[in-house]
Number of protein chains: 2
Amino acid sequence: MFESANLKHHVDKAAYKREAAKLRQALLDTQYDLKQKGRFPVLILVAGVEGAGKSETVNLLNEWMDPRHIITSAFFAPSDEERERPALWRFWRALPPKGKIGIYFGAWHTMPIIRRVRRDIGEGEYAREISEIQRFEKMLCDEGVLLLKYWFHLSRGQQKKRMKELAGDPKTRWRVTERDQEYFKLYKRFVKVSEPFLRKTSTGEAPWIVVPGADARHRTLTVGKHLLAALRERLDEKPLKRLPDRTPPLPKPADKLNVLRALELDQPMTKAAFGKELEKWQGRLNVASRDPRFKQLSVVAVFEGNDAAGKGGAIRRVTSALDARCYTNISIAAPTEEERAQPYLWRFWRHVPRNGRFALFDRSWYGRVLVERVEGFCSEADWMRAYTEINDFEGALLRHGTVVVKFWLAVSKEEQFRRFKAREKVAFKRFKITAEDWRNRKKWDRYETAVCEMVDRTSTSLAPWTLVEANNKYHARIKVLKTLCRAVEAALKTTSKAGVRKGGKKKK
Amino acid sequence: MFESANLKHHVDKAAYKREAAKLRQALLDTQYDLKQKGRFPVLILVAGVEGAGKSETVNLLNEWMDPRHIITSAFFAPSDEERERPALWRFWRALPPKGKIGIYFGAWHTMPIIRRVRRDIGEGEYAREISEIQRFEKMLCDEGVLLLKYWFHLSRGQQKKRMKELAGDPKTRWRVTERDQEYFKLYKRFVKVSEPFLRKTSTGEAPWIVVPGADARHRTLTVGKHLLAALRERLDEKPLKRLPDRTPPLPKPADKLNVLRALELDQPMTKAAFGKELEKWQGRLNVASRDPRFKQLSVVAVFEGNDAAGKGGAIRRVTSALDARCYTNISIAAPTEEERAQPYLWRFWRHVPRNGRFALFDRSWYGRVLVERVEGFCSEADWMRAYTEINDFEGALLRHGTVVVKFWLAVSKEEQFRRFKAREKVAFKRFKITAEDWRNRKKWDRYETAVCEMVDRTSTSLAPWTLVEANNKYHARIKVLKTLCRAVEAALKTTSKAGVRKGGKKKK
């Protein structure tokens, strides 16, 4: 990867002056074109060895372009907010929206490389992390992000020289920190560990661009010209009317049986029995949520179901067992303007809870493979790849130690009809029933197919779907409470007070 | 993954008869349509638990369609031919060409799953293998293969019942082999290991289709209908005039310096010195090739270079040091009809040598990122992804223990001119110079860019490019011989007589 970068590149002052002036103007123009067209976000990763001009380049880009439309994020030690969430969270929250440029000074590559350099992780774990990064970057590209990855390189000799220069000058001595010195000693190993990383995470859509870092003028022109060319190419591309369909169809059922029809939707439970059970499980959930070990955990609960299946009611029975400071209710409707300018999962990542908290999602990321699929709000390719992306998302939650519970509340078509009619009659319930509900009802079978495929493709041993027979609300609410409570209790058992949850961290 | 498949699916006889007759006719028609259009190959993977009807389904597909255009391959214990090559070789050699259907009874998923079930490999190694499979299948899909992956499933109860039935009937008792019994005991673990595998290797383009295996009629209709729908969808899709360009450009050089221009092409060596050196290195190479440990090794040597740079001459100096039984010379020209009907790398995989052999490639898979790129024989997306695919290919060779050496023979533009002219003058050399050579020469700069990017993106610590200054043929030939010889000697040192090479198997 570093053959070209190891050469002694050089651009003389006069040539630089000539080119830089033109380049600067063109970059600014292009940035405004990007802003105006607003078709895609640009994400620039700045990576590489110490002292190779990363910081200078970031400053320069901000100087040359309009910094109001550049979001620069440096990822040093994570904050407590960040530490208490999956590692990817900090990168999701900083993503630039369509029309803007994000610059990441260090990114998801940093920690795996450093940990491997320090031998904190072995080859196997390193391979696993690389594979996750491949999948994450593929998702970004599939979502339309223009991902530009610059790796700033110095040959060993160049790095030695540069460190000496910096340390020798009292004005720049402060920049040679202790950590840099340590890195310098590790230079050879750093390059050895980085090289296969760059190779394996270089793809046609997001190749690493290795930038020789020693000559400032050469470096600046290399990055500036490439950035300009990449922006222009994407901006000038005419949008296609039709995209190639490379996803095969999913199988049609050969009989009438499926996971929903196999349910016995009418489950017996009297009001009296409900009252007793409710008290019992709410009590247990409350105790669990106040367990000191719960501070090491978080809970993500997903509530999906037919219209009028009782999601809201079930959620209320959960929240009334909890201290209001330890849960958030997230009701998912049509995405906001800000959310539409981001990759699909962004609007869910933003609500991922920190440790010690519950996040209760009334509808969720599964909208992609349910309503968006059935209503044609996204292409087949989009919802087909969503199964993988959702599994990766939940995998990240699980690895962090988050408890993930997912409920599908199922009512029969007849029961739904009764509830719709009832809602229309009762004044204070009328807001709960709209023309859209009636329209959705006409697509009952297509939703059923989508639900069954969702269950098959996203139910996992650590984040299984719980199908809830919901014709009887009492039964449904207790089943939800009980399942959630048991999942939290099981997680507590594998959590030590001081440390980390064992079960959640275990590789599947 | 198995929620739906665990249900008691059933199709009654009458319904089956009705549907099967239509389905059979439609499949046959579609197969002929595929054959006639010949636009893409179809690869069907048949996988899953024992006793779930895999074999029956394969037989039925062959019965229903024209078996002359179906290539069925069962992958049991590898032959010695296969064992002495990288694990993927057997799958490459069996790939169906465009217009045909290949059925793989067991495939690349089999060994990783079994080895993980038996705990021969840990989580880390399993993750690495899964990641490789993801990349391999992505390559197949990018190359236009319609990849259909069927996983035949039985619930635990169903499997128990089926085994009992088979064992109880004298006519079928033979089918319950000892290995099946062993698998059966491992059923629970098998499912536990398979489930994340299926999830992680399910993509939008090649999702696993889980087939409930217990009811033969249901199973047959499920697979048959899905196969038909998948074939029809792809066959009926109108080819697009333009594909979306999702690859950013590579950077343009900011100065005149590159890895080729940094070479001192005129290296001194007299004819006399050459004779002495030649004897020395040919002797050493010959000794190395006859070392008993060499039986555990193989060598792949790639010769690329400017036209008239002396590739042929350098190769002849290597081969004349070797026993004719232990090397093959592979000269790569335009692909044959058979080769054009296959994924790009197929025509190189077919020449991968078995242990104890040298394969010397006069031009190679690097054509994709050199001539095909410069001449526009493939799209930018194709050659951009080729860097990754080539690295994966060579990675597979290295993991098997193959020594990979790669030479770029570089001459100056002036030296090339002299040689072209000389070739035109000498009668017996005239076949070596064509109008195309002169045409290529006009694109010197574009080839130079392509070569530099190739070196940067595919030179690795275990399979580095050796740039050979070739204005002086004597120097070039000795540098090639010496480099090759040293690489073989180094590999021998890490190889034990009986066993496996250590260095090659080491993870990077």
Side-chain angles (χ1 to χ4, degrees), chain A residues 1 3-4 7-11 122-125 127-128 131 141 146 148 195-196 199 202-205 207 209-210 218 221-222 225-226 229-230 233 237 240 242-252 254-255 257-259 262 381 384-385 387-388 391 452 455-457 459-461 507-508, chain B residues 1 3-4 7-11 122-125 127-128 131 141 146 148 195-196 199 202-205 207 209-210 218 221-222 225-226 229-230 233 237 240 242-252 254-255 257-259 262 381 384-385 387-388 391 452 455-457 459-461 507-508:
Chain A
M1 291 296 305
E3 285 72 12
S4 294
L7 301 174
K8 284 191 181 156
H9 291 283
H10 181 68
V11 169
E123 272 306 322
E125 175 67 7
R128 200 189 56 70
S131 157
C141 293
L146 176 60
L148 301 173
E195 193 254 10
R199 194 155 20 88
S202 270
T203 58
E205 294 173 1
I209 307 296
V210 176
H218 181 276
L221 290 186
T222 303
K225 282 172 159 183
H226 182 263
E233 183 184 275
E237 208 199 341
L240 289 161
R242 188 165 63 96
L243 288 171
D245 175 12
R246 291 186 14 175
T247 50
L250 292 179
K252 295 226 171 71
D255 61 5
L257 190 62
N258 63 41
V259 288
M384 279 293 286
R385 68 182 158 82
Y387 295 119
T388 316
N391 285 327
C452 293
V455 170
D456 276 342
R457 296 195 174 270
S459 207
T460 67
S461 53
K507 284 168 221 147
K508 281 163 291 173
Chain B
M1 290 295 304
E3 285 72 11
S4 294
L7 301 174
K8 283 191 181 158
H9 291 282
H10 181 69
V11 170
E123 272 307 321
E125 174 68 7
R128 200 190 56 72
S131 158
C141 293
L146 176 60
L148 302 172
E195 194 253 10
R199 193 154 22 88
S202 269
T203 58
E205 294 173 2
I209 306 296
V210 176
H218 181 274
L221 290 185
T222 303
K225 282 173 160 184
H226 182 262
E233 184 183 274
E237 207 199 341
L240 289 161
R242 188 165 62 97
L243 287 171
D245 175 13
R246 292 187 12 177
T247 50
L250 292 179
K252 294 225 172 71
D255 61 4
L257 189 63
N258 63 41
V259 288
M384 279 294 287
R385 68 181 159 83
Y387 295 118
T388 315
N391 285 327
C452 292
V455 170
D456 276 342
R457 296 195 174 272
S459 208
T460 67
S461 53
K507 283 168 225 149
K508 282 163 292 175

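Here is the naming used below: chain letters follow the sequence lines, and residue numbers restart at 1 for every chain.
- Summarising the geometry, atom OG1 belonging to Thr388(B) is positioned 10.5 Å from atom CZ belonging to Arg199(A); distances are rounded to the nearest 0.5 Å.
- Closest approach of Met384(B) to Pro207(A), counting heavy atoms only: CE-CG, 3.6 Å.
- Taking Pro249(B), Cys141(B), Ala230(B) one by one and counting their heavy-atom pairs under 4.5 Å with chain A, the maximum is reached by Pro249(B).
- Here the straight-line distance linking atom SG of Cys452(A) with atom CD of Glu3(B) works out to 10.5 Å at 0.5 Å rounding.
- Shortest non-hydrogen contact noted between Val11(B) and His218(B) is CG2-CA, 3.7 Å.
- Of the two parts of Leu250(A), the backbone and the side chain both hold a non-hydrogen atom closer than 4.5 Å to a non-hydrogen atom of chain B.
- In terms of heavy-atom pairs under 4.5 Å with chain A, the best-connected choice from Ala127(B), Ser131(B), Pro248(B), Gly122(B) is Pro248(B).
- Contacts of Val259(A) with chain B are made by both backbone and side-chain atoms, with heavy-atom separations under 4.5 Å.
- In terms of heavy-atom pairs under 4.5 angstrom with chain A, the leader among Arg246(B), Glu237(B), His226(B) is Arg246(B).
- Of all the listed residues (His9(B), Lys8(B), Lys225(B), Lys252(B)), the one sharing the greatest number of non-hydrogen pairs under 4.5 Å with chain A is His9(B).
- Chain A forms more heavy-atom pairs under 4.5 Å with one residue of Ala262(B), Pro251(B), Ser202(B) than with any other, namely Pro251(B).
- Between chain B and the options Ser4(A), Ala381(A), Ala229(A), heavy-atom pairs under 4.5 Å are most frequent for Ser4(A).
- The candidate from Ile209(B), Asn258(B), Leu240(B) with the greatest count of non-hydrogen atom pairs under 4.5 Å with chain A is Leu240(B).
- Distance check, rounded to the nearest 0.5 Å: OG1 of Thr460(B) to CD of Glu195(A) gives 6.0 Å.
- Of the two parts of Glu205(A), the backbone and the side chain both hold a non-hydrogen atom closer than 4.5 Å to a non-hydrogen atom of chain B.
- Residues that satisfy the salt bridge (Lys or Arg N to Asp or Glu O under 4.0 Å) test with Arg457(A), not counting sequence neighbours, are absent from this structure.
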